[in-house]
Amino acid sequence: MRGRLLLLPFGFIPFTALLTMLLAELPDGAPATVREVHAHSPDLSASMLRRLGELGFLPGEPVMALRRGPGGREPLAVQIGDTMIALRLSEARCIDVTLG
Amino acid sequence: MNSQSATSLDAPGRALLRSVALVGNPNCGKTALFNLLTGARQKVANYAGVTVERKIGIARLPGGQSVSVIDLPGTYSLNPASADEAVTLEVIEGRRAGEDVPDLIIAVVDATNLRMNLRLVLELRRLGRPMLVALNMADSARQRGLVIDTQRLATELGCAVVETVGVKHDGHLALLAELARDVDRSVAAQEGESWHVEVPDAAALQHEVKRLLALAAPAAAKTARFHPRLDAWVMHPVWGLVILSVLLFVMFQAVFSWAQWPMDAIKAAMTWLGETVTTQMADGPLRSLLVDGAIAGAGSVLVFLPQILILFAFILVLEDTGYLPRAAFLLDTLMGKVGLSGRAFIPLLSSFACAVPAIMATRTISNWRDRLLTIMLAPLMTCSARLPVYALLIGAFVPDRAIGPFNLRGLTLFGLYAAGVLSACGVAWVVKRVWMKSSYQPLMLELPPYRRPSLRNLLLGLRDRAKIFLGRVGTIIFALTVVLWFLSSWPAPPEGAAGSAIQYSFAGQIGKLLEVLFAPIGFNWQISLALVPGLAAREVVVGALGTVYSLSGGEEAGADALAQVIAQQWSLATAYSLLAWFVFAPQCISTLAAVRRETNSWRYPALMTAYMFVLAYAAAFVTYRVTLWLGA
């Protein structure tokens, strides 16, 4: 997603879209805010998405990707609010975040 | 609801407080509080999902009344996602057959993470039932510089709020005092009333949580809840794995090297006991029962107590620190590759202690097929009952030699545990490919803050394990070795028969019969016979071998003698073959009963027996033949 944004001329992109990305793409250590939980991945059922909300992935909550597991892709250790949770990539792709 | 304590004061249906239920997020310390309130000794550890069943105990209030306390599995919301969470909802909604709705809900809250925990409190408040809030881990919150205005929180929530510390011996006194105040002002549940309410949207709840936090705990904590610097090492892609393997190596080394002294002491005591009985008593059946049955049988199992305690000391400390979910984090990619849910890690890990609680712990896995696969794999993890068998064989056949910083015996033990884990990976991979291509399984595993392991918790945990082990030695293992002694002593051999008497006994005949089946994998009749009582408890195999060899004409009794006897009489191929057999060891009645209970069908225990028997036989066959071929 970041790659695609770079190809587009900056002037045409709404400001928020520039800063919005998937939690899966968020660089480690960058503070962000949850925007929305979305069914971006066909792997996750509606009840799994609801569980993400119950774990604290709710609009407006501060979120930060802390580190990734061996191999550098997944799982992700994520701090959401005051909780640390390990997610696989599929779950992290269902969470839209805004940088900052 | 907002003023339930006030309204219930003059409610007409006043009744005594009879039961309270502890409800809260996973890992907020409900069971620690339960243990304090009731004097129970339920397992506590620093990860989510330790409690998977409801437990009931009695608490004595300062006024002398007693109240029954129900401990429930932790849940993130009143919208259950797995079998353990469903239990919690069933109990608080009074849908459990034969049980009334609890009179009062104690919402247990981790005071260091109100942001998450208060959502469940707000959901519980919507039930409109008598409730009080226990701010648990209040000491950690204070240490972190968190100031929580409990008065304000109580006013806003409309119920009493008390501070508790689950890990201090007097950490529950405020809660007891509050319960004593509530004792005669709670409202009894109405018969036939439905307590179910729709669960509100989590986002709306979070909005309310933020409002509450702004009022009752506006300042942020001075120190962070987590230790990023420690995590940078422990969860590092390379160093994390190095730390994990070093931990495991040290654990298996310790099982052998630290246990030497106490094991020698127990062995010496057993030998002394055997000799004393032999010299003090006249020759006869009773002396033989004591020396060959009790001392050589049950006594030879007792020797392994120190090794079991050392293994558990490591497991208990790791559980207490919060390391285990981080190990699950490190191994998740591997588990995902073979098709297992990352949540399977903790049940599988607890299977190193015993498969029975592990099979119950799979209740935290929401997908049924995933849960079933984890249940089927649990017995492949080497349970502590197999340790005596491994230790006996390794002690008899593997030389005590140093290899670099490690000892060959410790390495062999590590290898046997690894063989169990790898075969579980293999089985999972095959099953997922050919039998049940189940859907994707998310991880969503909470990583708790580190906690300093408590010495008290460790000592109490070890005492429990010692009690369980000694209980098994004193009851089932002792009983089985005595039965085996009888079977091995009668009928007496015919006049003028050659060879040792035991060959003519029932046991000898059974062993000879079974030997036909087990001869291709190198088991003699003594081993074949010992496998039978091993069905009830795996350690009995050691005791049974002790009795059989003691009756076969051995002079001395005890495990030390047994190790010497088998080192002389068995070929290396037979010993390796038996070790390979025990990696899979399909025989454990309690495990099969647990599988029957959890799956509600005889199909799965039958399947488990069949597949593990085939695996064990095949592994032992290959090991035996290869070792023979290599000329050992």
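Side chains included, hydrogens not; waters and symmetry mates left out as well; all remaining heavy atoms used. Residue numbers start from 1 in every chain, and the chains themselves are labelled A, B, ... in the order their sequence lines are given, proteins ahead of strands.
- By the 6.0 Å contact criterion, CH2 on B:W368 is enclosed, its count of non-hydrogen atoms from other residues, nucleotides or ligands being greater than 12.
- For chain A, the option among B:A203, B:P442, B:P448 with the highest count of heavy-atom pairs below 4.5 Å is B:P442.
- Only the side chain of A:L58 comes within contact range of chain B, judged by heavy atoms closer than 4.5 Å.
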For this session: Apply the test side chain to side chain contact (heavy atoms under 4.5 Å, CB included) to residues A:L66 and B:M235: give CA-CA distance (whole Å), side-chain angles for both, the deciding distance (0.1 Å), then the verdict.
Result: CA-CA 10 Å; A:L66 298 171; B:M235 292 166 73; over 6 Å; no
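- Residue contact with chain A, scored on non-hydrogen atoms closer than 4.5 Å, involves the side chain of B:L241 exclusively.
- Between the side chain of B:R115 and the backbone N or O of A:G81, no donor-acceptor pair lies under 3.5 Å.
- B:D231 touches chain A through backbone and side chain together, each having a heavy atom under 4.5 Å away.
- Interface check for chain B: of the options A:L87, A:L55, A:L52, the most heavy-atom pairs under 4.5 Å are formed by A:L55.
- Considering only heavy-atom pairs separated by less than 4.5 Å from chain A, the leading option among B:A232, B:P228, B:A224 is B:A232.
- A donor atom on one side chain and an acceptor atom on the other are found under 3.5 Å apart for B:N113 and A:T83.
- Per-residue counts of heavy-atom pairs under 4.5 Å with chain B were compared for A:G72, A:G60, A:G69; the largest is that of A:G69.
- Of all heavy-atom pairs between A:P70 and B:T333, the closest is O-OG1, 3.9 Å.
- Distance alone, capped at 3.5 Å, places no donor-acceptor pair between the A:R67 side chain and the B:H236 backbone.
- Considering only heavy-atom pairs separated by less than 4.5 Å from chain B, the leading option among A:R73, A:R50, A:R68, A:E74 is A:R50.
- Looking at every heavy atom in both residues, B:N79 comes nearest to A:E54 through CB-OE2, 3.4 Å.
- With a threshold of 4.5 angstrom between heavy atoms, B:F329 approaches chain A through its backbone and through its side chain.
- Between B:L443 and A:P75, the shortest heavy-atom distance links the atoms CD2-CB, 3.8 Å.
- Interatomic distance, CG of A:D82 versus CG of B:L146, reported as 8.0 Å (0.5 Å rounding).
- Of the listed residues (B:E446, B:K210, B:M444), the one with the most heavy-atom contacts under 4.5 Å to chain A is B:M444.
- There is no contact between A:S47 and chain B, counting heavy-atom distances below 4.5 Å.
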For this session: Give the C-alpha distance, both sets of side-chain angles, the deciding distance and a yes or no for side chain to side chain contact (heavy atoms under 4.5 Å, CB included) between B:R326 and A:M84.
Result: CA-CA 11 Å; B:R326 285 169 174 83; A:M84 203 197 311; 3.7 Å; yes
